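Both ligands and their constituent atoms are indexed starting at 1 by order of listing. Reckoned from all heavy atoms, side chains included, excluding hydrogens, waters and symmetry mates. Owing to the predicted nature of the structure, the values given are computational and were not obtained by experimental measurement. Residue numbers start at 1 and run along the sequence shown.
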Amino acid sequence: MAAQGEAFEERISEFDDELASEFSALLGVNALRVLKRQDEEDHKERMKMKKGFNPQMRSEAKRLKTFLTYDTFRSWTPQEMAAAGFYFTGVKLGVQCFCCSLILFCTRLRNLPLETHKRLRPECEFLLGKDVGNIGKYDIRVKSPGKLRGHKARYREEGARLESFENWPFYAHGTSPRGLSAAGFVFTGDRDTVQCFSCGGCLGNWEEGDDPWKEHAKWFPR
Ligand SMILES: [Zn+2]
């Protein structure tokens, strides 16, 4: 996956030919030229913006919050956009996908955000349903306990717990395996779910800045 801040920007058009001919008929002008110019302007704006996977916007609830200052006289609702992976960038009316970093400026076309996302970035791993760490609106931190891999007794050792994090997912790197294992957690191998070797409690959906000790105490008080 591309690192954030990468300059490459593929040319896209948010407008389709059908829309151009409809506009032309409606306004009696050659709308294609107007839309082409708009495409050009949008492309320049996109070039300046940050690209790459944005782990801070994995949470749908967080994405939804970015729309607090958004102009609401648009046909796409913040709920639809957040569910389709988008958050508000604050640059013009641009919204961006947390996973593939697609930026859209025109958010009032007839197609739904999810459809436009699919048309322009069919390869987006979030759309393909891969585990990219999306945290759905109704997703919670506590996970149902599974069975620890290997013998429970060996995880009394912090070193053994740390070793279990070998394939810790890329999107959860904001929470360090060192901190998690120090707080008693073992990586279960499923998404970013960890389990306490002592009380057996399971937690997932880690976000940057989360404190494993505090989360442990909060959800599984002794
Ligand atoms: Zn995407």
Side-chain angles (χ1 to χ4, degrees), residues 1-19 35 38-72 74-139 167-175 190-193 204-209:
M1 209 157 287
Q4 211 167 356
E6 210 167 275
F8 173 75
E9 184 62 34
E10 163 192 15
R11 268 172 200 274
I12 54 165
S13 174
E14 292 180 44
F15 317 105
D16 53 26
D17 295 346
E18 199 189 326
L19 185 79
L35 294 182
Q38 189 61 49
D39 274 344
E40 198 50 47
E41 261 177 48
D42 291 348
H43 180 72
K44 276 189 200 141
E45 208 60 59
R46 280 191 195 94
M47 293 280 285
K48 290 188 267 177
M49 292 164 76
K50 268 193 172 173
K51 311 289 157 35
F53 185 81
N54 184 349
Q56 308 211 8
M57 284 296 152
R58 285 162 48 217
S59 151
E60 185 179 339
K62 248 192 205 167
R63 295 197 292 271
L64 195 54
K65 263 192 214 155
T66 62
F67 288 99
L68 282 175
T69 56
Y70 189 76
D71 164 11
T72 52
R74 301 262 136 185
S75 59
W76 287 2
T77 67
Q79 284 78 9
E80 284 169 334
M81 289 189 274
F86 295 110
Y87 58 92
F88 180 44
T89 62
V91 178
K92 291 187 172 172
L93 284 169
V95 299
Q96 187 162 25
C97 170
F98 81 97
C99 179
C100 70
S101 70
L102 169 70
I103 301 160
L104 300 176
F105 289 107
C106 188
T107 55
R108 53 177 168 198
L109 297 179
R110 292 155 304 174
N111 297 337
L112 290 170
L114 199 60
E115 291 166 355
T116 307
H117 196 172
K118 273 187 190 152
R119 180 171 67 83
L120 295 169
R121 285 283 167 82
E123 74 283 9
C124 172
E125 298 195 348
F126 166 65
L127 292 182
L128 292 175
K130 295 200 178 157
D131 181 22
V132 291
N134 180 57
I135 303 169
K137 211 173 9 178
Y138 302 112
D139 222 338
N167 294 313
W168 187 232
F170 72 94
Y171 53 76
H173 281 183
T175 312
D190 178 32
R191 297 199 70 218
D192 63 351
T193 301
N205 292 329
W206 295 95
E207 290 188 82
E208 215 168 273

_If the threshold is 4.0 Å, N to carboxylate O, is there a salt bridge linking R58 and D139?_
no
*Hey, is E14 close enough to R46 for a salt bridge, meaning N to O under 4.0 Å?*
yes
*Does any N or O in the side chain of Q96 come within less than 3.5 Å of the main-chain N or O of S101, such that one atom is a donor and the other an acceptor?*
yes
*Protein N/O/S atoms under 2.8 Å of the Zn ion (ligand 1)?*
C97 SG, C100 SG, H117 NE2, C124 SG
*Within the side chain of H117, is there an N or O that forms a donor-acceptor pair under 3.5 Å with the backbone of G85?*
no
*Proximity of F53 and Y171 rings by center, below 6.0 Å*: no
*Please state whether the rings of Y70 and F88 are parallel, tilted or perpendicular, taking 30° and 60° as the class boundaries.*
perpendicular
